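All figures in this text were calculated on a predicted structure; none of them were measured in a lab.
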Amino acid sequence: MVKYGIMSVTILIKVGAKMKKKYSQGLVMDPETATLKPVKRGQYIQQWIYGFVEPAILKTTTFMYDSPIRTKLYNKLATPKSLPREVVVSTEAVCRFIDFIYTQNAGNESPRMAVTKCVCQTATNTFKEPVEKDMALLYTANLYSQLDVKRNGVGEPYRIIETAEEAKDMIRYFDECGLVHSILYCHSSGKWTFVVCNCDDEICVPIRAYKAGRRDQVLAGPEVVTQDASKCTGCGKCVSRCFFDANKMINGKAVLDAEKCLGCGLCASTCEGHARTLIPRPDYQHEDTVTTKILLG
């Protein structure tokens, strides 16, 4: 155990030592001006620490939610402030976000995005396609693809996503697969967006936690669905694709509960009757972290 701790400290020192000036300019979003700004060395180190312990957190959470009794006990505990929060976003919104990231002048050689295997899947050793869907942003992409630490806590390497079009093609494919997109940020600081997750509802740990009753980690995004009931064909796709129980069938027609809608848009993108539309959420709570200036244009 002592040997393992010494090794961890050694790696941590190495991470800090390898951050030359061009790498210490990894960037994050400034919501006030919708621009990018530098990340300090301490944030890199904090990100590395989180990436190192994340697999253990995911394994523990999965263990707790594999039992109804443990689930009840776990849900009574507050989510630690040190854990990230994730804001659900639609496919078009995250594509705008990607365009923004790739068109900004970063002023250094830092990659804009990099992708690796789903950390939830690799940490719990439970796999379902698509597997490569954990998309690191900006300074996190820099940390795990440019420096000597070229892998996350479960030992998976990152592949740099060279262009915005490649990243957006991946996002659209994830939509076809029925995955929910979310943008994660550091909750302890209330900023530092660092990854785009593309989640399923069987293995993804935060989504499983949400469905089990924990509602303080997966957060409603800047859009919400509206429905024109006269156009509903009763295809039922909105029910089968919704993770959040916002839709149900009554007398052969889909009924929307907008209070439960988090704004992923999975129902709107496949509605056969084009009865579903995403509109700006009037009470969006995360403008200072994941701003609509970028997400909604």
Side-chain angles (χ1 to χ4, degrees), residues 28-32 34 79 83-101 113 118 120 133-138 140 167-168 170-187 189-201 204-211 213-227 237-239 241-247 256-271 276-297:
V28 295
M29 182 171 62
D30 182 347
E32 294 183 0
T79 302
L83 293 184
R85 301 299 190 267
E86 52 188 272
V87 177
V88 172
V89 290
S90 68
T91 294
E92 291 307 311
V94 75
C95 283
R96 293 188 191 98
F97 184 67
I98 289 169
D99 280 333
F100 170 80
I101 290 172
M113 297 183 74
C118 172
C120 290
K133 58 181 181 175
D134 194 318
M135 307 171 77
L137 303 172
L138 301 167
T140 312
K168 291 190 292 184
M170 294 172 67
I171 290 293
R172 295 185 182 109
Y173 172 65
F174 296 148
D175 179 278
E176 293 174 5
C177 294
L179 304 182
V180 166
H181 321 299
S182 58
I183 299 174
L184 274 68
Y185 69 92
C186 175
H187 186 242
S189 64
K191 54 184 179 180
W192 313 117
T193 53
F194 66 91
V195 71
V196 173
C197 273
N198 300 281
C199 304
D200 68 86
D201 62 344
C204 173
V205 175
I207 294 293
R208 287 189 63 195
Y210 184 93
K211 290 169 70 70
R214 184 181 287 274
R215 302 298 169 83
D216 57 353
Q217 190 168 3
V218 179
L219 309 172
E223 297 172 281
V224 65
V225 166
T226 61
Q227 179 185 21
K237 288 183 178 180
C238 57
V239 177
R241 280 170 64 92
C242 183
F243 289 8
F244 309 114
D245 297 323
N247 299 284
L256 169 69
D257 184 347
E259 293 295 322
K260 294 183 178 180
C261 175
L262 297 193
C264 69
L266 285 180
C267 63
S269 64
T270 54
C271 177
R276 299 297 180 98
T277 304
L278 282 166
I279 62 172
R281 185 182 299 274
D283 58 345
Y284 179 54
Q285 301 295 311
H286 313 291
E287 182 64 37
D288 289 342
T289 305
V290 185
T291 176
T292 56
K293 294 176 184 178
I294 297 170
L295 298 178
L296 303 187

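Shown here for V225 and A258, the closest heavy-atom pair between the two residues is O-CB, 4.4 Å. Across all non-hydrogen atoms, the minimal contact from G297 to R96 is N-CD, 4.0 Å. Scanning all heavy atoms of the two residues, the minimum distance from R281 to L262 falls at NH2-C, 3.3 Å. Here the closest heavy-atom approach between residue C118 and residue D134 is recorded as CA-CB, 4.2 Å. Residues A167 and M113 come closest through the heavy atom pair CB-SD, 3.9 Å. Of all the heavy atoms in H181 and S90, the pair that sits closest is CD2-C, 3.8 Å.
To the nearest 0.5 Å, the span separating CG on L296 from CD1 on I279 amounts to 11.0 Å. The structure places CD of E86 at 11.5 Å from OH of Y210, a figure rounded to the nearest 0.5 Å. How far CG of D175 is from OG1 of T270: 7.5 Å, rounded to the nearest 0.5 Å. If you take OG1 on T292 and OH on Y284, they are separated by 7.0 Å, rounding to the nearest 0.5 Å. The CD1 atom of I101 sits 6.5 Å away from the OG1 atom of T193 when rounded to the nearest 0.5 Å. Separating the CG atom in N247 from the NZ atom in K260 is a distance of 10.0 Å, to the nearest 0.5 Å.
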Test log, rule side chain to side chain contact (heavy atoms under 4.5 Å, CB included), inputs D99 and K168 = CA-CA 9 Å; D99 280 333; K168 291 190 292 184; 2.9 Å; yes
ask   = Taking it one step at a time, do L184 and W192 satisfy side chain to side chain contact (heavy atoms under 4.5 Å, CB included)?
value = CA-CA 8 Å; L184 274 68; W192 313 117; over 6 Å; no
query = Given the rule in the side chain to side chain contact (heavy atoms under 4.5 Å, CB included) test, do V89 and F97 qualify, once you have shown the distances and angles that lead to the verdict?
reply = CA-CA 10 Å; V89 290; F97 184 67; over 6 Å; no
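With a 4.5 Å cut-off on side-chain heavy atoms, Q285 and V87 do not count as touching. Put simply, the side chain of Q227 does not reach to within 4.5 Å of the side chain of C267, judged on heavy atoms. In this structure the side chain of K133 reaches within 4.5 angstrom of the side chain of D200, judged on heavy atoms. Taking 4.5 Å as the limit, every side-chain heavy atom of N198 sits out of range of all side-chain heavy atoms of Y173. At least one side-chain heavy atom of R214 sits under 4.5 Å from a side-chain heavy atom of D216. Side-chain atoms of R276 and L256, non-hydrogen and from C-beta on, do get closer than 4.5 Å to each other. Between Q217 and R85, some side-chain heavy-atom pair lies under the 4.5 Å cut-off. By the 4.5 Å heavy-atom criterion applied to side chains, I171 and V196 are counted as neighbours.
Between Y185 and H286, the angle of the ring planes lies from 30° to 60°, which puts this pair in the tilted group.
The residue from C199, C120, C197, S182 that alone fulfils the side-chain contact (heavy atoms from CB on, under 4.5 Å) condition with P206 is C120.
In the model, S269 has a side-chain atom that pairs as donor or acceptor with a side-chain atom of R241 under 3.5 Å.
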